[in-house]
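Worth saying up front: this structure is predicted, and the values here are computed from it rather than measured. Just so it is clear: chains get the letters A, B, ... in the order the sequence lines come, proteins before strands, and each one is counted from 1.
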Amino acid sequence: MDSGGVVDNFGWGWPDSEVEAVAVQEGLRGRVRAATPEGFRPRTATGLDVHYTDVLTAAVCTVDLETLELVDSAIFQGPESFPYVPGLFAFRELPLLLRALDKLTTPPEVLVCDGQGLAHPRRFGLACHAGVLTGIPALGVGKNALGDFDQPGPRRGNWSALTDDGEVVGRALRTQDNVKPVFVSVGHLMDLDTATDLVLTLTPRYRLPETTRQADHLARS
DNA sequence: GCGACAG
DNA sequence: ATCTTGTCGC
């Protein structure tokens with residue numbers, strides 16, 4: 001099962017059992033780079049989301065970081081190929097998301113994933129997986145977290161550490177005053193400060209990033 | 001051992 | 001993820 005396009009699966013491919021899936025994560029986790037490349041100045045950000053009906057609809061939307069307006073988008077539909085298992089989320093959504101990314105006219109500069117990156121039991125959530133396979137900088141924004149955190153301050157921009165087994169794996173970030181925080185973590189080729197800044201840029205008005213909102217709309221239309 | 005568990 | 005109306009607030 002090939003994902004096509006520029007994706008490099010590093011010989012791991014797609015598993016069809018939970019045991020194999022965990023092995024893939026263990027095999028790829030060492031490829032994650034949590035440093036922002038020199039001169040990283042993205043002009044756009046691409047959001048990824050999947051909607052569930054009889055089939056899965058993967059949608060990807062690229063927005064201009066200056067205006068937050070949609071500049072490119074694509075969808076790809078397909079059947080469910082892996083069950084939902086917490087911690088193995090990427091195997092369910094990523095095959096379709098990669099195909100959707102291939103349909104974009106302009107190459108993505110940053111992937112904004114709907115879920116976790118390093119804030120994952122094996123430090124290899126969806127955002128890490130997407131980043132490593134594509135080689136594109138990536139970050140994760142989850143609506144819920146797996147780790148432990150103290151409530152951040154009440155104002156937009158306030159944040160607190162998200163930890164797991166005593167390790168800092170991300171941040172609980174308040175994107176709007178007095179609104180439940182989102183959970184930001186590094187996916188690939190990016191540090192946590194950069195990821196946090198990007199998420200704040202993408203949330204001038206709403207709790208969730210504009211990329212995620214656009215992709216969500218497209219996926220359910 | 002038991003519960004909790006991204007979407 | 002999804003099943004679902006009204007309501008409060010900017």
Side-chain angles (χ1 to χ4, degrees), chain A residues 14-15 18-19 21-22 24-25 28-29 32 46-61 75-101 111-133 138-149 154-156 161-165 167-188 192 195 199 203-209 211-221:
Chain A
W14 296 108
E18 294 188 22
V19 173
V22 170
V24 171
Q25 292 180 329
L28 289 175
R29 56 190 282 180
V32 172
T46 301
L48 287 60
D49 191 36
V50 175
H51 189 244
Y52 295 68
T53 51
D54 336 14
V55 294
L56 309 193
T57 302
V60 294
C61 288
I75 63 173
F76 188 90
Q77 294 186 308
E80 181 182 305
S81 60
F82 201 88
Y84 171 66
V85 180
L88 299 179
F89 187 46
F91 299 99
R92 192 170 168 74
E93 299 202 341
L94 205 43
L96 298 170
L97 287 168
L98 293 174
R99 300 292 294 271
L101 286 173
L111 305 179
V112 180
C113 299
D114 190 18
Q116 318 299 330
L118 289 175
H120 174 277
R122 285 172 293 282
R123 308 290 179 265
F124 199 72
L126 174 67
C128 298
H129 210 143
V132 165
L133 293 193
L139 64 92
V141 180
K143 294 181 279 294
N144 296 290
L146 294 172
D148 310 308
F149 66 97
R155 310 277 295 173
R156 165 176 157 83
L162 175 63
T163 64
D164 186 38
D165 287 327
E167 259 181 81
V168 174
V169 294
R171 287 174 185 169
L173 174 67
R174 194 87 64 183
T175 56
Q176 298 297 318
D177 292 355
N178 300 100
V179 168
K180 176 181 172 174
V182 297
F183 302 91
V184 180
S185 59
V186 167
H188 189 45
L192 196 44
V199 172
T203 53
R205 172 100 171 88
Y206 299 102
R207 176 185 177 229
L208 297 178
T211 39
T212 303
R213 303 184 71 251
Q214 298 269 4
D216 184 71
H217 271 159
L218 180 58
R220 64 177 67 234
S221 61

For DNA chain C, the dot-bracket pattern of Watson-Crick and G-U pairs whose distances stay under 3.5 Å, | for other-strand partners: ..........
Stems where DNA chain B pairs, listed by first number, each of three or more Watson-Crick or G-U pairs under 3.5 Å: none
A:Thr57 and A:Arg220, any side-chain heavy atoms less than 4.5 Å apart: no
Verdict with supporting geometry, A:Val169 and A:Ser185, side-chain contact (heavy atoms from CB on, under 4.5 Å): CA-CA 6 Å; A:Val169 294; A:Ser185 59; 5.8 Å; no
Parallel, tilted or perpendicular, as decided by the 30° and 60° cut-offs, for the rings of A:His129 and A:Trp14: parallel
Between B:dA4 (C1') and A:Phe149 (CZ): distance, integer Å: 14 Å
Whole-Å distance separating the CG atom of A:Leu56 from the C1' atom of C:dT2: 13 Å
Check: A:His51 and A:Leu218 side chains under 4.5 Å, non-hydrogen atoms: no
Sugar-phosphate only, base, or nothing, as touched by A:Arg205 at under 4.0 Å among non-hydrogen atoms: nothing
Main-chain N/O of A:Val179 paired to A:Arg174 side chain as donor or acceptor, under 3.5 Å: yes
Pair A:Leu162-A:Arg171, side-chain contact (heavy atoms from CB on, under 4.5 Å): steps then yes or no: CA-CA 5 Å; A:Leu162 175 63; A:Arg171 287 174 185 169; 5.5 Å; no
Chi angles and distances behind the side-chain contact (heavy atoms from CB on, under 4.5 Å) call for A:Leu56, A:Glu93: CA-CA 8 Å; A:Leu56 309 193; A:Glu93 299 202 341; 5.6 Å; no
Stepwise side-chain contact (heavy atoms from CB on, under 4.5 Å) test for A:Asp165 and A:Arg123: CA-CA 11 Å; A:Asp165 287 327; A:Arg123 308 290 179 265; 4.2 Å; yes
Atom-to-atom span, CD of A:Glu80 to P of C:dT2 - whole angstrom: 14 Å
Cationic N near anionic O, under 4.0 Å, A:Lys143 to A:Asp114: yes
Each nucleotide N or O in nucleotides 5-7 of chain B that has a protein N or O under 3.5 Å away: list the pair and distance.
unit_1, atom_1, unit_2, atom_2, d
B:dA6, OP2, A:Tyr84, OH, 2.6
B:dA6, N7, A:Gly87, N, 3.0
B:dA6, N6, A:Gly87, O, 3.2
B:dA6, N6, A:Phe89, N, 3.3
B:dA6, N6, A:His120, NE2, 3.3
B:dA6, N1, A:Leu126, N, 3.1
B:dA6, N3, A:Gln116, N, 3.0
B:dG7, OP1, A:Lys143, N, 2.7
B:dG7, OP2, A:Asn144, ND2, 2.8
B:dG7, O3', A:Asp114, OD2, 3.0
B:dG7, N7, A:Tyr84, OH, 3.4

Protein-nucleotide distance (A:Asn178, atom CG; C:dC8, atom C1'), rounded to Å: 15 Å
Close side-chain approach of A:Pro209 to A:Thr203, heavy-atom, < 4.5 Å: yes
Student check: side-chain heavy atoms of A:Val141 and A:Val112 closer than 4.5 Å: yes
